[in-house]
Amino acid sequence: MSHIVIIGAGQAGAALAAKLRALGHDGPLTLIGDEAAPPYQRPPLSKKYLLGAMPVDRLYLRPPAFYAEAGIDLRLGETVTGIDRDRRRVLLGDREIGYDMLALATGAAPRRLPAEAGGALGGVHVVRRLADVDAMAPEFRPGARALIVGGGYIGLEAAAVAATQGLQVTLTEAAPRILQRVAAPETSDWFRALHAAHGVQIREAAGLVRLLGETRVTGAELADGSVIGADFVIAGIGVTPATALAEAAGLRTEAGIAVDAMGRTADPAIWAAGDCTSLPYRGGRIRLESVQNAIDQAEAVAANMLGAETPYVPKPWFWSDQYDVKLQIAGLNSGYDRVVIRPGDRDGSVSHWYYRGAELLALDAMNDPRAYMTAKRLIEAGRSPAPESVAAGDLKALMAA
């Protein structure tokens with residue numbers, strides 16, 4: 001019987017293992033994770049879990065007993081140190097596990113502030129793992145001064161939680177505006193106003209020079225010459241794909257572990273899924289950091305490992321929760337040249353529709369789920385309503401056009 005080993009027990013790894021069993025793989029199946037906790041959801045970590053509104057066991061993707069019942073050998077707290085492709089062995093220090101097929105679901109790691117800029121001081125945190133959030137939770141005391149470094153969605157979500165808890169929050173962004181890499185100026189403006197209304201001070205075009213303090217952070221010097229005080233810092237400056245194992249094994253990487261449309265790497269016995277992968281998309285390659293892509297790609301890879309030979313075609317969508325606002329994003333906005341603003345059906349709701357010429361590329365919907373679902377269906381169907389019809393057009397009419 002074919003032994004399948006999965007490295008990485010996050011969303012993609014857990015989905016891949018469960019799907020293999022659901023599709024009838026009855027051979028040995030090993031899932032290896034380097035954290036002590038069983039596979040869990042990451043999005044609630046910095047929101048409901050940090051706020052104390054969700055106990056740790058509700059983070060778990062499945063009850064811990066599921067893995068034994070499904071015949072999945074779940075190995076937690078174990079670090080894979082190498083892959084011997086010639087002998088088809090996974091190395092764990094001085095131990096080995098043989099495989100017939102191997103799947104890499106190693107995810108991504110948060111970028112950290114460099115030590116020379118004060119990143120090694122006490123009180124400097126990142127947001128990615130359960131242990132990260134457990135470490136920062138005691139810092140969230142009303143009145144404490146929180147400095148958020150990075151104005152992407154990770155940083156903005158952290159700022160929202162801190163402000164909700166009564167902290168004094170300052171967010172710094174080196175770029176001229178928040179969300180510059182991922183959203184239009186219209187969306188940046190909307191979220192800047194939202195955070196200002198909740199008392200968050202946003203400092204744009206004000207990159208971090210260095211953090212201050214002897215052993216623990218006490219403040220920060222910014223590129224504009226100003227100095228601000230801080231009781232703790234959260235670095236929300238993005239993530240990098242976890243490709244070290246793949247690179248050491250000689251697999252091709254390209255802003256992620258390079259896979260084909262089936263999810264195979266350069267080695268036909270090794271597959272990959274989730275945040276760690278670079279996959280084909282519309283004539284190029286992309287890497288998608290999202291829960292839904294991790295699940296969808298992992299399940300497609302599971303089927304292809306068992307012989308389906310069905311190309312995976314991603315349908316990008318994302319979300320972010322900040323205060324009482326749910327942002328839902330459909331599509332990818334790369335290359336847009338026009339943004340159409342459509343007021344929502346209720347107060348506080350709006351959607352931003354991204355176009356390249358006459359082609360609808362993507363949408364940002366703030367508290368407007370109907371606009372999100374409409375745009376998502378249009379994008380996935382390859383349909384583009386005229387930009388002029390979007391601003392005032394009825395959503396049902398847009399679908400019928």
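Distance check, rounded to the nearest 0.5 Å: NZ of K376 to CG of L363 gives 12.0 Å. Here the CZ atom belonging to R87 is positioned 7.5 Å from the CG atom belonging to L91, to the nearest 0.5 angstrom. Between the CD1 atom in I202 and the CG atom in L171 there is a gap of 5.5 Å [rounded to 0.5 Å]. Atom CG of residue L306 and atom CG of residue L23 lie 6.0 Å apart, to the nearest 0.5 angstrom.
A 4.5 Å side-chain heavy-atom check between L251 and L104 finds at least one atom pair inside the cut-off. The closest side-chain heavy-atom distance from V127 to M136 is below 4.5 Å. The shortest side-chain heavy-atom distance between V80 and L245 falls under the 4.5 Å cut-off. Counting heavy atoms from C-beta outward, T30 and I6 have side chains that stay 4.5 Å or more apart. Looking at Y323 and H195, their side chains come closer than 4.5 Å, going by heavy atoms from C-beta outward. Contact of the T265 side chain with the W271 side chain is not registered, since no non-hydrogen atoms from C-beta on lie closer than 4.5 Å. Inter-residue side-chain proximity for H125 and V233 is flagged as unmet; no heavy-atom pair is nearer than 4.5 Å. Two residues are said to be in side-chain contact when any heavy atoms from C-beta on lie closer than 4.5 Å; I148 and T172 fail this criterion.
A donor-acceptor contact shorter than 3.5 Å links the side chain of S290 to the backbone of N293. Put simply, the side chain of D368 never gets that close to the backbone of S349: no donor and acceptor are under 3.5 Å apart. Side chain of R85 to main chain of A249: a donor-acceptor pair is present (N/O by atom type, distance under 3.5 Å, no hydrogens or angles). Between the side chain of S278 and the backbone N or O of R287 there is no donor-acceptor pair closer than 3.5 Å. Looking at D73, its side chain never comes within 3.5 Å of a backbone N or O of L29 through a donor-acceptor pair. Although no hydrogens or angles enter the test, the distance criterion places a donor-acceptor pair under 3.5 Å between the side chain of R21 and the main chain of G71. In this structure, T170 contributes its side chain and L147 its backbone to no donor-acceptor pair below 3.5 Å.
Taking a 6.0 Å sphere around NZ of K48, one finds it holds 12 or fewer heavy atoms contributed by other residues, nucleotides or ligands. Residue-environment remark: CG (D347) stays at or below the threshold of 12 foreign heavy atoms within 6.0 Å. The number of heavy atoms from other shown groups lying within 6.0 Å of CD (E309) is above 12.
When all heavy atoms of Q322 and Y153 are compared, the closest pair comes out as NE2-CD2, 3.9 Å. Across every non-hydrogen atom of E204 and I178, the tightest pair is OE2-N, 2.9 Å. Nearest heavy atoms, E214 versus L121: O-CD2, 3.4 Å.
Exactly one residue among E359, E388, E186 makes a salt bridge (Lys or Arg N to Asp or Glu O under 4.0 Å) with R338. That residue is E388.
Using cut-offs of 30° and 60° on the angle between ring planes, the pair F140 and F232 is tilted.
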